[in-house]
Amino acid sequence: VVQPYNSVLTLKRLTLNADAVVVLDNSALNRIAVDRLKIENPTVDQINSLVATIMAASTTTLRYPGYMNNDLIGLLASLIPTPRCHFLMTG
């Protein structure tokens with residue numbers, strides 16, 4: 001019950017102070033761990049490992065040199081249509 005309230009209360013501060021925010025849902029992470037990874041009772045460490053994998057995959061282009069998205073600004077510019085919309089959803 002507390003989680004939605006915390007999300008709503010932090011939106012203003014995140015909008016003002018963060019350049020980009022990656023939104024992850026705890027219940028969705030638990031469903032992924034149970035349904036896809038076949039873990040019956042996922043621990044916090046297993047969920048954190050899943051988050052680390054998501055973030056590592058999202059920022060791969062920053063670590064390997066290439067033509068496109070070789071810095072954070074270039075990566076965000078292609079993902080965010082306007083400066084005020086800076087909440088990223090992982091797919």
Side-chain angles (χ1 to χ4, degrees):
V1 174
V2 175
Q3 184 181 359
Y5 294 113
N6 287 341
S7 299
V8 170
L9 292 174
T10 60
L11 280 177
K12 179 71 172 177
R13 182 166 286 170
L14 286 173
T15 303
L16 293 175
N17 298 321
D19 292 328
V21 178
V22 178
V23 180
L24 299 172
D25 181 25
N26 287 337
S27 58
L29 291 170
N30 280 322
R31 273 197 320 272
I32 290 170
V34 171
D35 296 342
R36 304 284 180 171
L37 302 177
K38 307 297 185 209
I39 302 171
E40 290 186 25
N41 279 329
T43 64
V44 174
D45 288 335
Q46 291 168 325
I47 297 298
N48 285 343
S49 175
L50 184 58
V51 170
T53 303
I54 291 168
M55 294 309 296
S58 299
T59 59
T60 299
T61 58
L62 299 176
R63 292 187 304 273
Y64 299 106
Y67 176 69
M68 293 182 60
N69 300 331
N70 55 2
D71 62 346
L72 187 59
I73 295 169
L75 178 67
L76 295 177
S78 64
L79 294 174
I80 302 171
T82 62
R84 299 271 309 160
C85 300
H86 55 259
F87 292 91
L88 306 176
M89 296 294 292
T90 57

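In what follows, every heavy atom counts, from backbone to side chain, and hydrogens, waters and symmetry copies are set aside.
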For [X], all residues meeting side-chain contact (heavy atoms from CB on, under 4.5 Å), sequence neighbours excluded:
| X | result |
| --- | --- |
| Asn30 | Pro42, Ile47 |
| Ala56 | Arg63 |
| Asn17 | Arg13 |
| Leu11 | Phe87 |

Checklist outcome for this item: side-chain hydrogen bond (donor to acceptor under 3.5 Å, both in side chains) filter on Thr53, not counting sequence neighbours, yields none
Checklist entry - So, for Asn41 and Gln46, which heavy atoms are closest and what is the spacing to 0.1 Å? => result O-OE1, 3.9 Å
Checklist entry - Does the side chain to side chain donor-acceptor pair (under 3.5 Å) test come out yes or no for Asp45 and Thr43, once each step is laid out? => result CA-CA 5 Å; Asp45 288 335; Thr43 64; 5.0 Å; no
Checklist entry - Should Val34 and Leu29 be counted in the same cluster of Ile, Leu, Val, Met, Phe, Trp and Tyr side chains packed under 4.5 Å apart? => result no
Item to check | Leu14 with Val23, same ILVMFWY side-chain cluster at under 4.5 Å | outcome: yes
Item to check | Thr10 side, atom OG1; Lys12 side, atom NZ - distance, nearest 0.5 Å | outcome: 13.0 Å
